[in-house]
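Accompanying notes for the structure given below.
Order of the sequence lines sets the chain letters (A, B, ...), proteins ahead of strands, with each chain counted from 1.
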2 protein chains.
Amino acid sequence: MKLNYEENSKVIKALAEPNRLQIIDILSCGELCACDILEHFDFTQPTLSHHMKVLMECGIVDCRKEGLWSFYSLNTSKCNKLILFLMNLVTDTEDCICKEKPKHECK
Amino acid sequence: MKLNYEENSKVIKALAEPNRLQIIDILSCGELCACDILEHFDFTQPTLSHHMKVLMECGIVDCRKEGLWSFYSLNTSKCNKLILFLMNLVTDTEDCICKEKPKHECK
DNA sequence: ATTATATATAGATACATATCTATATAAGGA
DNA sequence: TCCTTATATAGATATGTATCTATATATAAT
């Protein structure tokens with residue numbers, strides 16, 4: 001069975017950057033405002049803003065505004081779904097798409 | 001503790017493309033030659049060759065040559081390590097890097 | 001030797017993206 | 001009202017990449 005490669009590749013693309021992986025790690029213990037996240041990095045504030053936008057657009061990070069601050073948090077349900085997708089992807093199953101096309105006996 | 005974001009982002013980057021996710025899925029039941037993989041797609045043979053190179057360079061796919069054929073297979077150890085990394089990443093732990101910088105009390 | 005076949009490489013094009021500086025927005029405090 | 005602060009957006013630049021066509025390589029078959 002064909003899995004949802006398009007949808008999941010969007011989330012994976014958002015994670016395919018070392019700084020954004022670190023941001024996820026930083027958020028893994030609870031929500032933080034942008035300025036606290038920025039403390040961990042050498043890049044500029046607009047660059048962090050860009051990274052947070054990428055993470056939010058794929059749904060893996062949520063945002064809550066309060067006064068001047070933006071509080072970011074991990075969407076743990078989305079995280080779990082991504083990991084489940086990957087586990088399904090690499091596991092051999094009865095209804096795997098590999099069975100949907102002929103394999104000519106190479107050997 | 002800082003995780004290995006650089007190393008893992010390379011693997012994740014290789015997976016951050018829907019066609020390559022499908023290739024991983026196709027390989028999840030065992031090794032296949034390039035021509036059998038190509039059967040599943042509309043793109044050209046050089047494009048598949050490019051995708052396989054990307055997957056091999058990050059170590060998630062291995063290749064075995066036999067005569068005219070290249071047999072590709074999933075590196076399941078690498079797959080497991082990636083999934084373990086992601087599970088660690090999104091889990092709150094005692095020694096998370098989020099504790100390594102001050103959090104100014106926003107609220 | 002010549003031909004056919006499976007795969008890889010080279011080079012081009014079009015598009016995406018990580019970063020920066022400069023500026024805008026929007027909320028609070030003096 | 002004016003200034004400060006936190007964050008977002010705009011625009012530019014440099015780099016990366018997914019795809020193609022054309023060609024090379026390497027093995028097998030006739």
Side-chain angles (χ1 to χ4, degrees), chain A residues 5-6 8-24 26-27 31-58 60-73 101-107, chain B residues 5-6 8-24 26-27 31-58 60-73 101-107:
Chain A
Y5 312 114
E6 277 293 341
N8 282 285
S9 74
K10 285 176 190 160
V11 185
I12 296 172
K13 205 163 282 184
L15 297 183
E17 209 279 334
N19 292 315
R20 287 200 290 266
L21 283 180
Q22 185 170 346
I23 292 170
I24 298 293
I26 292 168
L27 290 178
E31 70 170 16
L32 284 175
C33 67
C35 51
D36 279 348
I37 300 173
L38 191 56
E39 278 283 313
H40 292 258
F41 297 99
D42 290 329
F43 52 61
T44 62
Q45 176 269 320
T47 295
L48 176 66
S49 200
H50 161 72
H51 284 312
M52 299 316 296
K53 196 176 181 184
V54 171
L55 291 171
M56 285 179 61
E57 273 170 357
C58 79
I60 205 157
V61 162
D62 296 321
C63 185
R64 177 175 69 81
K65 306 257 177 189
E66 192 174 318
L68 278 177
W69 293 276
S70 290
F71 289 93
Y72 293 100
S73 58
K101 293 281 174 182
K103 301 169 190 174
H104 71 280
E105 293 297 318
C106 290
K107 298 192 296 181
Chain B
Y5 312 113
E6 277 292 341
N8 282 285
S9 73
K10 284 175 190 160
V11 185
I12 296 171
K13 205 163 283 185
L15 297 183
E17 209 277 334
N19 291 316
R20 287 200 292 267
L21 284 180
Q22 184 170 347
I23 292 170
I24 297 294
I26 292 168
L27 291 178
E31 72 170 16
L32 284 176
C33 66
C35 52
D36 279 347
I37 301 173
L38 192 55
E39 278 284 313
H40 292 258
F41 297 99
D42 291 328
F43 51 62
T44 63
Q45 175 270 318
T47 296
L48 176 65
S49 200
H50 160 72
H51 285 312
M52 298 318 295
K53 195 176 183 185
V54 171
L55 290 170
M56 285 180 60
E57 274 170 357
C58 80
I60 205 156
V61 161
D62 295 322
C63 185
R64 175 177 70 82
K65 305 256 179 192
E66 192 174 319
L68 278 177
W69 294 276
S70 291
F71 288 92
Y72 294 99
S73 59
K101 293 282 175 181
K103 301 169 190 175
H104 70 281
E105 292 297 320
C106 290
K107 296 193 298 182

Answer yes or no: does a side-chain N or O of B/Tyr72 lie under 4.0 Å from OP1 or OP2 of C/dA6?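 It does not, given that no N or O in the side chain of B/Tyr72 lies less than 4.0 Å from OP1 or OP2 of C/dA6.
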
Taking 4.0 Å as the cut-off, does a side-chain nitrogen or oxygen of B/Lys65 come that near to OP1 or OP2 on D/dT27?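 No.
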
Just how far, in rounded Å, is [atom2] of [N] from [atom1] of [X]?
X: A/Ile12; N: D/dT17; atom1: CD1; atom2: C1'; result: 17 Å
X: B/Arg64; N: C/dA6; atom1: CZ; atom2: P; result: 17 Å
X: B/Met52; N: C/dT9; atom1: CE; atom2: P; result: 13 Å
X: B/Leu32; N: C/dA6; atom1: CG; atom2: P; result: 15 Å
X: B/Glu31; N: C/dT7; atom1: CD; atom2: P; result: 12 Å
X: A/Glu66; N: C/dA26; atom1: CD; atom2: P; result: 18 Å
X: A/Trp69; N: C/dA27; atom1: CH2; atom2: C1'; result: 9 Å
X: A/Ile37; N: D/dA6; atom1: CD1; atom2: P; result: 14 Å

Does A/Leu68 or B/Leu48 map to a spot on DNA chain C nearer the 5' end, using the closest nucleotide for each?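 On the 5' side of the pair lies B/Leu48.
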
Who are the ring-ring contact (aromatic ring centres under 6.0 Å, His included) partners of B/Phe41, not counting sequence neighbours?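 Partners of B/Phe41 by the ring-ring contact (aromatic ring centres under 6.0 Å, His included) criterion, ordered by chain and then number, come out as B/Phe43.
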
Does [X] have any side-chain hydrogen bond (donor to acceptor under 3.5 Å, both in side chains) partners at least two apart in sequence or in another chain, and if so, which?
X: B/Ser73; answer: none
X: B/Ser9; answer: none
X: B/Tyr72; answer: none

Quick check on the helix from C/dA1-D/dT30 to C/dA30-D/dT1: what's the angle between its two end axes, five base pairs per end, to the nearest 10°?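 Between the axes fitted at each end of the helix from C/dA1-D/dT30 to C/dA30-D/dT1 lies an angle of 10°.
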
For [X], what residues pass the side-chain contact (heavy atoms from CB on, under 4.5 Å) criterion, not counting sequence neighbours?
X: A/Ser49; result: A/Gln45
X: B/Lys101; result: A/Glu39, A/His40
X: A/Val11; result: A/Cys58, A/Ile60, A/Lys78, A/Leu82

B/Cys35 side-chain proximity, nearest of C/dT5, C/dT7, D/dT7: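 Per side-chain heavy atoms of B/Cys35, the pick is C/dT7.
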
Look at all strands and tell whether B/Ser49 reaches a base, only sugar-phosphate, or nothing, counting heavy atoms closer than 4.0 Å.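 Result for B/Ser49 = base.
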
Would you find a donor on one side and an acceptor on the other, under 3.5 Å apart, between the side chain of B/Glu17 and the backbone of B/Arg20?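 Checked: pair present.
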
I'd like a list of close polar pairs between nucleotides 18-24 of chain C and the protein, N/O only, cut-off under 3.5 Å.
| from | atom 1 | to | atom 2 | distance (Å) |
| --- | --- | --- | --- | --- |
| C/dA18 | OP1 | A/Arg20 | NH2 | 3.4 |
| C/dA18 | OP2 | A/Arg20 | NH1 | 2.8 |
| C/dA18 | OP2 | A/Arg20 | NH2 | 3.3 |
| C/dA18 | OP2 | A/His50 | NE2 | 3.3 |
| C/dT19 | OP1 | A/Asn19 | ND2 | 3.0 |
| C/dT19 | OP2 | A/His51 | NE2 | 2.2 |
| C/dC20 | OP2 | A/Thr44 | N | 3.1 |
| C/dC20 | OP2 | A/Thr44 | OG1 | 2.9 |
| C/dC20 | OP2 | A/Thr47 | OG1 | 2.6 |

Is the number of heavy atoms from other residues, nucleotides or ligands within 6.0 Å of NZ (A/Lys13) greater than 12?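 Yes, because the 6.0 Å sphere around NZ of A/Lys13 holds more than 12 heavy atoms from other groups.
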
5' priority, DNA chain D, between B/Gly67 and A/Ala34 [closest heavy atom]: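 It is A/Ala34, whose closest nucleotide lies nearer the 5' terminus.
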
